[in-house]
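These figures come from a predicted structure and were not determined experimentally. First the proteins, then the strands, lettered A, B, ... as listed; each starts at 1.
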Amino acid sequence: MPSNSSVIKVRLPDESVRELPAGSTGIDLAQSIGKRLAQAAVATVVNGVETDLGVALADGAQVSIVTADSDAGRHVLRHSTAHVLAQAVVQLFEGAKFSIGPAIEDGFYYDFELPNNKTFSDADLVAITERMQQIVAADQPFVRSEMSADDALKVFSDQPYKCEIIQRVTKGDADSVDALEAGSADAVSVYRNSDSFVDLCRGPHVPSTSRLGHFALMKVAGAYWRGNEKGPMLQRIYGTAWESKSALAEHLHRLEEAEKRDHRRLAVEMDLLSFPQELGGGLAVWHPKGGIVRKLMEDYSRERHQNGGYKFVFTPHLANSHLFETSGHLQFYKDGMYPPMEMDNGTYYPKPMNCPMHCLIYRDRQRSYRELPLRLFELGTVYRYERAGTLHGLLRIRGFTQDDSHIFCTEEQMADEIASLLDFVLSVLRRFGFSDFDFKLSTRNPDKSVGSDEIWQKSTDALREALNRHGLQFTVAPGDAAFYGPKIDIDVRDAIGRKWQLSTIQCDFNLPERFGLEYIATDNSRKRPIMLHRALFGSIERFFGVLLEHYGGAFPTWLAPVQVRVLAVASAHEEYAAKVVQQLVEDGYRVDQLVADEQLGKRIRASKLERIPYVLVVGDDDVANSTVGVNPRGGDVRRDVPMNEFLQQLSADVGETRSVA
RNA sequence: GCCGGGGUAGCUCAGUGGCAGAGCAACCGCCUUGUAAGCGGUAGGUCGUGGGUUCAAUCCCCACCCUCGGCUCCA
């Protein structure tokens, strides 16, 4: 049905059709639907392509409006705010070069090069913010135009980074970042805000700068141009931007809350562990309270492994360099190892991983197929010389203990073994309060791998099948595998939604080869076993750090360093309090008592700050009736609770993993 | 490793080219307390380490160590 030339029809997401005068834009469409929508609109999606609001709509187009409070809308806001940042910097810093400025999660950044290797200071950020607000107030339009690469090179003649992007796009070797910046080779797109500021960009953008304004510049950081460590280092400014003042405020509040549960801060506050400067970077000592929690974690892990058919092994912290030559680690990862110790009978290295030693245990005698799968388990402490700038509390540390398992099995056993491993791993993680998992299957990188296509295929299929068998959603990361085989990585989401990579299950056919591992098969032939690497916590240290942040220091009762604290109202009740303590200790709980030489309120406050799960208060009534006052963490106070009733409550609490506080 | 910010009492932080400061915690005393900070007092420091400049350095300069935010890396 041919439409009237003065009218166009567009289809909306709900399949309804709207008629508009020819030449109407996304703005017109939004206005025709509603005033509020027009106010919230930042872009359109036309036939599946994100487009500026101001572009005339074609007859018959499928159109949806992108609003500022959607993920896509915030992305547009953030990208547009990055342009405003670039304009402000170029205006305030004579000779500044700007390179790329994408939207990222929660915000945006822009990379700059200042003349004479100058860097931005915090004071500069204040000035830049003010200038950005002026640009917002000036209501500058974002005007799109397309031009040839030659013309674009002229426009950006004084901007070497922009020229480099244009040239790469022209030559056809643009990566995804370049493409975002410049559009395509035949039509380089640019957005102009004013006579003096134009930026290379694919878009889309908000119609004008007045749509922005709820942003904050967060920090300055160095960043390599194109991520190349050998290339120039630029100055990156990070910012955050939102659709409203309140959304921005909420985000800043979330950051504050996250900072309060930073494991490094909690470790100090709660006297769990420390990083003495005298030890050297990235090396921790565990204090008694942290030690209790760690021991409980390890005990639980050992118990589960015991029940899971694992054999416990122990291996030394040092090994002769021959071992790591055989394994190939010295060849691939020497830079990440602590330096060698030259001894009169050879060269020794602190071990950066346990697998080669477990291979030696396997190889020590002839193995039969009847022994397989052979599951070796060790809490093995390893040392890796992580680069100085990468250390981060417990999450990136130089000396750590892996809950490391190596499973030797036949090719036929591999799929079942991986499937049951997944069950095992998830079951243990759930006990620690995690319930939200993301799975990633990392596949072969042909340029950085060893082994035959066939075995790679088999291993990858086995991992994939295990995930499918459990009905688990997973993403595939092509080329992210280790050099020796594919792997499944398991991320958990913590109480405030952040993702942490913890467990990993890896197939390895390289080390069995290198160590010449064999077993005698049913037909009396010698065969090579498959080796599965599996770390569940990853490292005890890292897992502990993640747990600390997950619970915000409020460990579930079964893990809490002190589970119950007993407070006498006054000195006269101290004797009864001590009896309560004694009974709880006899029942196997971790209990202490704070004597009444301070006000009760003050002692309760101190106990709450220590995040003790139960504070018991005992006074005259309790002495008379054998009761306690129960003040639970995160709950309401109950008076006159019979001791037996409290014991039942405590027992039930410790028996199950409590939800996070 | 690279760019930038830091390191002062147990903790959080202020401060100055000329005798080192606060709050909390600790310790002592008074108070004997019924559910998140009672009152008074005492003690506590090689101002990260080593050099240099200076009549004098915690402060200025250099190097190193540690740490924080990023980048790169992460078997």
Side-chain angles (χ1 to χ4, degrees), chain A residues 109 111 117-122 124 218-238 259 262 264-265 268-271 274-283 324 327-337 351-356 382 384-393 395-397 402 448 481-485 487 501 504 506 508 510-511 533 535 538 542 567-574 595-610 615-622 628-632 636-640:
Chain A
Y109 68 77
D111 287 350
N117 290 323
K118 287 227 296 218
T119 56
F120 294 111
S121 67
D122 286 351
D124 291 334
M218 306 300 286
K219 56 205 171 196
V220 186
Y224 295 110
W225 167 235
R226 297 181 62 73
N228 175 10
E229 201 180 350
K230 307 274 190 284
M233 177 156 276
L234 306 176
Q235 294 291 307
R236 174 172 297 178
I237 296 178
Y238 281 95
E259 199 180 317
D262 185 307
R264 293 164 299 187
R265 174 188 178 134
V268 172
E269 273 178 27
M270 299 175 69
D271 192 19
S274 59
F275 293 86
Q277 187 175 332
E278 292 86 338
L279 269 188
L283 298 169
F324 301 116
S327 71
H329 287 99
L330 208 43
Q331 179 191 341
F332 286 106
Y333 299 107
K334 189 170 184 187
D335 289 348
M337 293 168 67
K351 66 173 170 181
M353 79 298 298
N354 305 298
C355 10
V382 300
R384 297 180 182 179
Y385 196 75
E386 303 286 358
R387 294 166 85 179
T390 64
L391 298 174
H392 183 93
L395 302 182
R396 193 80 180 270
I397 191 171
Q402 296 179 308
K448 265 175 66 179
F483 70 91
Y484 48 71
K487 60 176 178 172
Q501 195 200 309
T504 181
Q506 310 180 352
D508 182 2
N510 177 51
L511 279 186
H533 301 244
R542 182 179 161 81
L567 305 178
V569 172
S571 298
H573 316 118
E574 217 72 81
V595 298
D597 57 4
E598 291 280 6
Q599 269 189 314
L600 180 62
K602 185 163 184 174
R603 285 176 286 148
I604 288 179
R605 177 181 154 78
S607 308
K608 293 290 177 186
L609 290 175
E610 287 182 55
V615 177
L616 301 186
V617 174
V618 295
D620 287 335
D621 300 348
D622 302 295
V628 292
V630 181
N631 186 337
D636 295 329
V637 173
R638 287 171 63 217
R639 289 279 302 270
D640 305 315

Nearest to the side chain of [X] - [options]?
X: A:R387; options: B:rC73, B:rG69, B:rA36; result: B:rC73
X: A:M233; options: B:rU72, B:rG70, B:rA75; result: B:rG70
X: A:K219; options: B:rC74, B:rG69, B:rA37; result: B:rG69
X: A:N631; options: B:rU32, B:rU35, B:rC68; result: B:rU35
X: A:L600; options: B:rU35, B:rC71, B:rG48; result: B:rU35
X: A:D622; options: B:rC65, B:rG34, B:rG69; result: B:rG34
X: A:T119; options: B:rA75, B:rC3, B:rG69; result: B:rC3

Students often get this wrong, so: under 4.0 angstrom with heavy atoms, is [X] touching a base, only sugar-phosphate, or nothing?
X: A:R236; answer: sugar-phosphate
X: A:A482; answer: nothing
X: A:Y484; answer: sugar-phosphate
X: A:G282; answer: sugar-phosphate
X: A:G601; answer: sugar-phosphate
X: A:D620; answer: base
X: A:G336; answer: base
X: A:R264; answer: sugar-phosphate
X: A:Y238; answer: sugar-phosphate
X: A:D122; answer: nothing
X: A:A223; answer: sugar-phosphate
X: A:G619; answer: base
X: A:D621; answer: base

Inset, instruction - Output yes when at least one side-chain N/O atom of A:R542 is less than 4.0 Å from OP1 or OP2 of B:rC74, else no. - result: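 Answer is no, no contact under 4.0 Å.
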
Legend entry - Any A:K602 side-chain N or O less than 4.0 Å from OP1/OP2 of B:rA25: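 Checking A:K602 against B:rA25: at least one side-chain N or O falls below 4.0 Å of OP1 or OP2.
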
Legend entry - Which residue lies more 5' along RNA chain B, comparing A:L283 with A:C355 via nearest heavy atoms: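 By nearest-heavy-atom nucleotide position, the 5'-most residue is A:L283.
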
Legend entry - Pairing partner of B:rG69 (Watson-Crick or G-U wobble, both distances under 3.5 Å):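 The answer is B:rC3, by the H-bond criterion.
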
Rounding to the closest angstrom, what is the interatomic distance between [N] and [M] at atom [atom1]?
N: B:rU42; M: B:rU54; atom1: P; value: 42 Å
N: B:rU58; M: B:rG7; atom1: P; value: 15 Å
N: B:rU8; M: B:rG4; atom1: P; value: 22 Å
N: B:rC62; M: B:rC28; atom1: P; value: 48 Å

Legend entry - Check: A:S121 main-chain N/O paired with A:D124 side-chain donor or acceptor under 3.5 Å: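 At least one qualifying donor-acceptor pair exists.
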
Legend entry - Close side-chain approach of A:N354 to A:Q402, heavy-atom, < 4.5 Å: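 With C-beta onward as the side chain, the pair touches.
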
Inset, instruction - For the residue pair A:R603 and A:V617, establish whether any side-chain heavy-atom pair is separated by less than 4.5 Å. - result: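 Counting from C-beta outward, A:R603 and A:V617 never come under 4.5 Å.
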
Inset, instruction - Taking syn as within 90° of 0 and anti otherwise, name the glycosidic form of B:rC19. - result: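 With its glycosidic angle within 90° of zero, B:rC19 counts as syn.
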
Legend entry - Rounded distance (nearest 0.5 Å) linking atom CG of A:L391 with atom CD1 of A:I397: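 Reported to 0.5 Å precision, the distance equals 8.5 Å.
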
Inset, instruction - Could you tell me the separation between the NZ atom of A:K118 and the C1' atom of B:rC3, rounded to a whole number of Å? - result: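 In whole Å, B:rC3 C1' lies 16 Å from A:K118 NZ.
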
Inset, instruction - Report yes or no: is there a donor-acceptor pair, N or O only, under 3.5 Å between the side chain of A:Y109 and the base of B:rG70? - result: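 Counting by modelled atom types and ignoring angles, no donor-acceptor contact under 3.5 Å is found here.
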
